[in-house]
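Notes to accompany the following structure.
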Amino acid sequence: MGDAARKSALYDAFARTGKALSSGKRLELLDLLAQGERTVDALAKAAGLNLTTASAHLQTLKQSGLVATRREGVRIHYRLAGDDVAALYALLRQVAQAHQADVEPARTAYLGTDGAEEVGRVELLARVAAGEVVVLDVRPAEEYAAGHIPGALSIPVEELAGRIIELPDDAEVVAYCRGAYCVLAHDAVRLLHERGRRALRLTDGMLEWRLAELPVDTGLAA
């Protein structure tokens, strides 16, 4: 094999990772797996896919080395192959938004524009330490259990309207969800504002929190 053939083989190996990332649904699966390990059934339900399609996408991701598996009885559990996969996914989104003109309009159309105040990770930590805010995790309970901001309350967004009484009346609430492109915190803040509550959002979410190597607690709320 000549140098040119070896070089082509190397770049083709790189390209296999790119091909695995060339599907919106596969990126959505990576987004879900960045929150924690899940079964095929759970991933299919969360991504709005049938089992056959979800399994095919997951196999593509596995063959490219982006996800790993473990078996528990008859169930297969998927997880990201490493923190570098989460970082790659986050960087892909960042590059796309910086260089593709259609990303920001699509983001706005999905998340909505409500003018709600946002707070960054460093400021949030300071305000939590000062006892100034209540941190609210509005992701599904299983994602909260897999890892959450220490001290955060868990109220999934679909339960928030019925459980808003659990939030102190006079508290300023900071809601967060999966990441910078997750709609759950946006929906939660809109609902809280409609109910006359003081609420703002974390600028991003659990994906970026983990990548910043900030403290993470696990387990369900007491």
Side-chain angles (χ1 to χ4, degrees), residues 1-71 75-111 121 139-140 142-143 146-147 176-186 202-214 216:
M1 182 184 290
D3 287 345
R6 291 189 180 96
K7 182 178 181 181
S8 293
L10 172 62
Y11 280 86
D12 285 345
F14 294 153
R16 280 194 289 277
T17 297
K19 289 177 181 177
L21 298 173
S22 65
S23 159
K25 277 299 180 183
R26 287 198 286 275
L27 293 179
E28 187 175 349
L29 290 169
L30 290 179
D31 186 55
L32 291 167
L33 288 170
Q35 307 302 310
E37 184 181 74
R38 295 201 190 195
T39 64
V40 179
D41 289 10
L43 287 165
K45 182 179 179 181
L49 297 169
N50 62 50
L51 280 174
T52 301
T53 303
S55 295
H57 282 313
L58 289 165
Q59 282 302 307
T60 298
L61 292 170
K62 185 178 180 181
Q63 288 163 9
S64 69
L66 295 174
V67 302
T69 60
R70 69 175 179 88
R71 180 180 290 275
R75 291 182 177 273
I76 302 295
H77 296 255
Y78 280 83
R79 65 185 184 277
L80 295 186
D83 291 342
D84 53 351
V85 177
L88 174 63
Y89 167 61
L91 181 60
L92 184 153
R93 300 184 318 181
Q94 180 182 331
V95 171
Q97 179 153 3
H99 300 285
Q100 288 189 41
D102 58 344
V103 171
E104 183 56 28
R107 178 182 182 275
T108 300
Y110 176 52
L111 299 180
R121 297 186 296 271
R139 298 172 299 156
E142 63 270 22
E143 295 181 18
Y176 76 92
C177 53
R178 292 166 180 155
Y181 298 84
C182 175
V183 75
L184 303 180
H186 288 72
L202 181 62
T203 304
D204 37 49
M206 203 62 212
L207 169 64
E208 295 85 359
W209 188 274
R210 285 183 182 273
L211 289 174
E213 299 183 347
L214 293 172
V216 174

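Keep in mind that what you see is a predicted model, and the values were worked out from it rather than measured.
Separation of atoms CE (M206) and CG (L214) is listed at 8.5 Å; rounding is to 0.5 Å. Interatomic distance, L61 CG to S23 OG, rounded to the nearest 0.5 Å: 8.0 Å. In this structure, K45 NZ and T39 OG1 are separated by 10.5 Å, a value rounded to the nearest 0.5 Å. With values rounded to the nearest 0.5 angstrom, D41 atom CG is found 5.0 Å from L51 atom CG.
L66 approaches A20 most closely through the heavy-atom pair CD1-CB, 4.0 Å. In terms of heavy-atom proximity, L184 sits nearest to P140 at CD1-CD, 4.3 Å. When every heavy atom of C177 is checked against every heavy atom of A185, the shortest pair comes out as SG-N, 3.2 Å. The shortest heavy-atom contact between A87 and L211 is N-CD2, 3.8 Å. Across all their heavy atoms, V40 and S55 have their closest contact at CG1-OG, 3.4 Å. Of all heavy-atom pairs between A86 and L207, the closest is CB-CD1, 3.8 Å.
Looking at residues two or more places apart in sequence or on another chain, you find a side chain to side chain donor-acceptor pair (under 3.5 Å) between R121 and D204. Scanning for salt bridge (Lys or Arg N to Asp or Glu O under 4.0 Å) contacts around R26 gives an empty result, with sequence neighbours left out. When the side chain to side chain donor-acceptor pair (under 3.5 Å) test is applied to E37, the partners found at least two apart in sequence or on another chain are R70.
Side-chain contact between L58 and I76 is absent, with no heavy atoms from C-beta onward closer than 4.5 Å. Looking at heavy atoms from C-beta onward, L43 lies out of side-chain contact with L49 at the 4.5 angstrom threshold. The closest side-chain heavy-atom distance from T17 to L88 is below 4.5 Å.
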Under 3.5 Å, sequence neighbours excluded: what are the donor-acceptor pairs made by side chains of residues 89-99?
residue	atom	partner	partner atom	Å
Y89	OH	D31	OD1	3.2
R93	NH2	E208	OE2	2.7
Q97	OE1	Y181	OH	2.2
Q97	NE2	E104	OE1	2.4

For residues 78-85, run the donor-acceptor check on the side chains, cut-off 3.5 Å, and write out each pair with its distance to 0.1 Å, sequence neighbours left out.
residue	atom	partner	partner atom	Å
Y78	OH	Q59	NE2	3.0
R79	NH1	T69	O	3.4

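Residue pairs meeting the ring-ring contact (aromatic ring centres under 6.0 Å, His included) criterion with at least one partner in residues 4-27, sequence neighbours excluded, are Y11-F14.
Panel note: side chain Q35, backbone R178; a donor-acceptor pair is recorded below 3.5 Å. A donor-acceptor pair is defined here as one N or O able to donate and one able to accept, closer than 3.5 Å; no such pair exists between the side chain of T108 and the backbone of P105.
In K25, the NZ atom is crowded: over 12 heavy atoms of neighbouring residues, nucleotides or ligands sit closer than 6.0 Å.
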